[in-house]
Amino acid sequence: GAVVSQHPSRVICKSGTSVKIECRSLDFQATTMFWYRQFPKQSLMLMATSNEGSKATYEQGVEKDKFLINHASLTLSTLTVTSAHPEDSSFYICSAGRTVNTEAFFGQGTRLTVV
Amino acid sequence: AQTVTQSQPEMSVQEAETVTLSCTYDTSESDYYLFWYKQPPSRQMILVIRQEAYKQQNATENRFSVNFQKAAKSFSLKISDSQLGDAAMYFCAYRSAYNNDMRFGAGTRLTVKP
């Protein structure tokens, strides 16, 4: 159990367009989902935490208008990169947890390339 | 805010030998959870082991074990009988028991030599 599916795994988009990344918990209800960004050979940088039915909590320095997060149900959260630019190219990873007292399970990640 | 420190950017071990990866953390909370995650070249994050702060006994999962020193705020990972498939980035993580906060260390790249 505890499978998190992230889609797409890779996406290439043109500068100025928007891209949506989905994160689904397949066999459990995720009260909380986390979105991370990972630069090459670096650690995971937490972008935002989302709870089902409420607004996401963004980390300092993360533009909430650029990185739109929606957590409409207990099994789905989406990250939309709006008006993408080449500097947004990165590896984005989501994770989901059942409750505050359990480990988080990770999706496969999405490699975003903005050209 | 909680911080997690991994002071070893890279480590190397001979196949079948034992290696220990270090992790320290800083927190004022009394209850929390600690994890080691493995990230192979596929970049899929895989949970290796978890430790509840309220438990004194060190967690063990097959060849993986931890040395949890709560007073020293230290949480090291020992890999015994290292295998080629253990080569990966290893991240130490802290999760608060009071909120949704989860933080990762900078990671340690482990190389396993045949």
Side-chain angles (χ1 to χ4, degrees), chain A residues 1-10 23 28 30-61 69 71 77 90-112, chain B residues 1-10 21 23 25 29-55 59 61 64 66 75 87-111:
Chain A
V3 178
V4 176
S5 177
Q6 187 173 340
H7 179 80
S9 58
R10 293 177 180 268
C23 181
F28 67 100
T31 55
T32 304
M33 287 187 172
F34 303 89
W35 286 96
Y36 297 88
R37 183 172 180 176
Q38 186 179 32
F39 293 102
K41 298 184 179 181
Q42 293 190 24
S43 187
L44 283 71
M45 182 190 78
L46 180 65
M47 298 175 65
T49 303
S50 70
N51 294 301
E52 184 265 339
S54 62
K55 290 184 178 180
T57 301
Y58 289 82
E59 293 296 296
Q60 191 173 6
I69 293 173
H71 193 164
S77 177
S90 191
F91 191 70
Y92 294 87
I93 309 177
C94 74
S95 71
R98 290 189 184 91
T99 70
V100 72
N101 295 330
T102 65
E103 61 268 33
F105 299 95
F106 286 81
Q108 306 94 317
T110 297
R111 161 78 59 199
L112 170 64
Chain B
Q2 293 77 26
T3 58
V4 180
T5 302
Q6 291 179 251
S7 59
Q8 305 156 317
E10 296 183 353
L21 308 184
C23 174
Y25 58 94
E29 298 177 336
S30 59
D31 197 12
Y32 48 87
Y33 302 85
L34 298 166
F35 309 95
W36 278 98
Y37 282 91
K38 170 184 176 181
Q39 188 180 41
S42 68
R43 304 193 78 170
Q44 171 74 59
M45 295 285 283
I46 302 167
L47 177 67
V48 174
I49 199 166
R50 63 173 280 169
Q51 174 80 43
E52 291 86 349
Y54 62 83
K55 289 187 177 179
E61 287 288 341
F64 299 88
V66 299
F75 182 62
M89 281 289 288
Y90 285 82
F91 293 100
C92 178
Y94 171 104
R95 186 167 190 186
S96 171
Y98 304 100
N99 55 50
N100 289 319
D101 199 33
M102 187 164 184
R103 303 289 164 171
F104 287 83
T108 297
R109 181 171 299 281
L110 178 66
T111 302

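Everything numeric here is computed off the predicted structure, so don't read it as measured data. Order of the sequence lines sets the chain letters (A, B, ...), proteins ahead of strands, with each chain counted from 1.
Looking at heavy atoms from C-beta onward, A:I69 lies out of side-chain contact with A:M47 at the 4.5 angstrom threshold. The side-chain heavy atoms of B:Y32 and B:S96, taken from C-beta on, include no pair separated by under 4.5 Å. Proximity of B:L47 to A:F106: side-chain heavy atoms (C-beta onward) are nowhere separated by under 4.5 Å.
Closest approach of B:W36 to B:C23, counting heavy atoms only: CZ2-CB, 3.5 Å.
When heavy atoms are compared at a cutoff of 4.5 Å, B:F35 approaches chain A solely by way of its side chain, counted from C-beta outward. Heavy atoms closer than 4.5 Å to chain A are found nowhere in B:E52, neither backbone nor side chain. If you measure heavy-atom distances from A:Q38 to chain B, the contacts under 4.5 Å come from both the backbone and the side chain. Contact of A:Q42 with chain B is made through the backbone alone, with heavy-atom distances under 4.5 Å.
Side-chain atoms of A:Q6 and A:T110 form a donor-acceptor pair, as typed in the model, at a separation below 3.5 Å.
Of the listed residues B:A93, B:P9, B:S42, B:A106, the one with more heavy-atom pairs under 4.5 angstrom with chain A than any other is B:A106.
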